[in-house]
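The shown structure was predicted, so the numbers you read here are calculated from the model rather than taken from an experiment. Whatever order the structure lists ligands and atoms in, that order sets their numbers, starting from 1.
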Amino acid sequence: MLSTMQDGQLGIRRLLEAGSGFFGSSTVTTALTTSPEVTLETVSYARVGGNVARLAHALAGLGVGPGDRVATFMWNDRAHLEVYYAAPCMGAVVHPLNIRLPGEQVTFIANHAGDTVLVADASLLGILRPLLPAMTTVEHLIVAGDAPLDELRAEIRAGRAAGRTGPGPTVHDYDTLLAAESTSYPWPELDERQAAAMCYTSGTTGDPKGVVYSHRSIVLHSLNVCLPGAFALSSGDRMLAVVPQFHVLAWGIPYAAFLSGASLVMPGPFLPAESLAAVIAAARPTTAAGVPTLWQNLLTHLVAHPEIDVSSLREAIVGGSACPPSLLDAYAERLGIALVHAWGMTEMSPLGSVARVPAGLTGEGARRRQLSQGRFSALVEARVVGPDGTFLPTDGDSAGELEVRGPWIAASYYTGGDSGAGAAGTPGGPGDDPKFRDGWLRTGDVGTISPDGFLTLADRLKDVIKSGGEWISSVELENELMAHPCVREAAVIGVADDRWGERPLAGVVVAPDARVSPAQLRAHLADRVARWQIPERWAFVEEVPKTSVGKFDKKRLRARHTDGGLDVTLLAD
Ligand code: AMP
């Protein structure tokens with residue numbers, strides 16, 4: 001028997017119409033300067049809605065049609081938000097490029113995605129210009145902000161004269177392009193399964209892989225992001241999106257904001273701790289989202305400058321890599337800000353789980369859940385798979401690789417062309433890709449799931465240290481080391497060992513003005529982890545290398561060790 005219900009298509013257009021209509025007085029605030037003083041631009045969602053229509057007209061005028069990829073090379077700001085809505089609502093696909101990737105990866109991604117239009121912030125032209133000749137599919141470059149565009153045009157022409165391949169893009173100014181256009185647009189009816197946005201994985205192993213999100217997946221994910229058990233967004237909130245718009249669509253926050261009416265605060269390029277602290281004090285967000293290293297840097301700055309008023313922040317979402325418990329405690333105790341731990345992946349739009357303590361729970365049980373990666377969304381199915389492929393019980397104890405499936409989780413990677421985003425069995429489907437099994441995504445993360453749905457990650461499969469047949473969690477050692485007051489950062493990698501196969505090596509960044517020895521750190525760990533897990537190899541480093549999205553880059557740390565670039569102290573009992 002079929003239902004009697006309507007079958008409306010889920011589309012980003014509904015988010016745009018609700019955001020710019022019902023919540024038209026909510027605002028997006030972008031930081032324009034932070035020094036010598038903070039300057040903010042605040043624009044209502046109603047005006048953003050008008051600009052989105054203008055931009056859609058302009059894009060259509062440049063020949064953008066259904067399915068065409070509109071790339072961005074931008075910070076988090078108002079114009080970027082406008083592209084997030086204009087491209088998908090007109091039937092095209094928004095594709096944020098990661099501005100921090102090495103140039104050859106940016107061009108690889110732009111060419112692989114077949115981007116035809118590129119919208120860039122003027123402040124990023126210095127990085128972008130040398131990449132343009134290698135972007136073979138980009139026909140139009142739209143620049144937001146002040147820049148000497150005639151100079152840029154001349155440079156592109158000179159490139160052509162010098163025999164560079166392709167005609168090079170035509171350059172436009174964002175504001176000029178929009179100025180003459182209408183603030184309403186005849187938005188098309190779209191199939192909810194149609195591509196709306198795409199992002200590439202950060203590609204720490206092999207080439208980056210494209211994930212193509214649909215209108216349906218983005219709308220369902222947005223609903224999930226807003227839930228009280230997730231980011232708890234409502235029209236009374238102002239959310240500071242520190243997580244870049246080029247990293248998994250800023251965790252879906254720009255879409256969730258229009259759905260809930262929450263206002264947005266966009267930091268632009270002002271991400272160093274001192275600038276960010278100034279933006280928080282001036283724009284007064286109530287909540288925020290970013291990776292642990294960012295919150296760590298901000299904490300150090302705020303502790304040194306207690307006069308900075310960040311009291312508007314009720315909480316901040318922390319995810320993307322494991323949040324050390326010491327960081328969570330420091331925010332609660334020193335600043336009265338609750339860090340809320342969340343887990344996800346590019347392939348998951350990204351949100352999978354959020355660590356909010358169930359009402360009424362106190363003591364050890366509450367603490368365990370607060371420090372976990374969080375409780376799965378009801379619409380995300382998860383299972384734990386042992387090394388021999390057997391499914392393990394979700395008893396909070398049995399650890400294995402985590403596999404997930406659900407309506408905002410990728411079924412395959414983009415393989416190029418227009419039909420490349422298919423599900424299993426269609427062109428571009430998962431095929432033999434080992435990341436997918438029977439309609440499930442293999443996350444590469446190792447952990448346990450408790451009977452009440454909380455995920456606790458031990459490690460990534462490729463980071464876990466296999467010592468004498470036992471597994472050592474690099475994340476647990478890092479968390480315990482970072483709980484030492486003299487340690488600012490710690491990254492633990494597995495290195496070859498004649499006797500045990502692999503043993504942990506701890507790379508430690510000492511806190512400013514502190515001194516600590518490997519022997520003291522071993523003694524600290526002795527109270528906290530099993531004796532056989534304590535590292536014998538120690539290297540003090542200036543900084544732990546970071547990926548383009550601010551996570552510990554253990555691949556680079558490993559390479560440094562292999563190349564003999566780490567000064568290792570060996571210390572055993
Ligand atoms: P990305 O696709 O770049 O966002 O990376 C996804 C990966 O980041 C996951 O598979 C995890 O290994 C890691 N990750 C994300 N959030 C967390 C978290 N809260 N704790 C530990 N690891 C995390």
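In this structure, Arg437 places its CZ atom where more than 12 heavy-atom neighbours from other residues, nucleotides or ligands lie under 6.0 Å away.
Ring centroids of His221 and Tyr213 are separated by 6.0 Å or more, keeping the two rings apart.
For Asn297, the side-chain contact (heavy atoms from CB on, under 4.5 Å) partners at least two apart in sequence or on another chain are Ala273, Arg488. Judged as a ring-ring contact (aromatic ring centres under 6.0 Å, His included), and not counting sequence neighbours, the contacts of Tyr85 are Tyr255, Phe258. Annotation: salt bridge (charged side-chain N to carboxylate O under 4.0 Å, His left out) contacts of Glu347 (sequence neighbours excluded): none.
Enumerated by chain and number, the residues approaching ligand 1 to less than 4.0 Å through a heavy atom are Ser202, His247, Gly320, Ser321, Ala322, His341, Ala342, Trp343, Gly344, Met345, Thr346, Gln373, Asp445, Leu457, Arg460, Lys551.
Between His80 and Tyr84, the ring-plane angle classifies as perpendicular under the 30° and 60° cut-offs.
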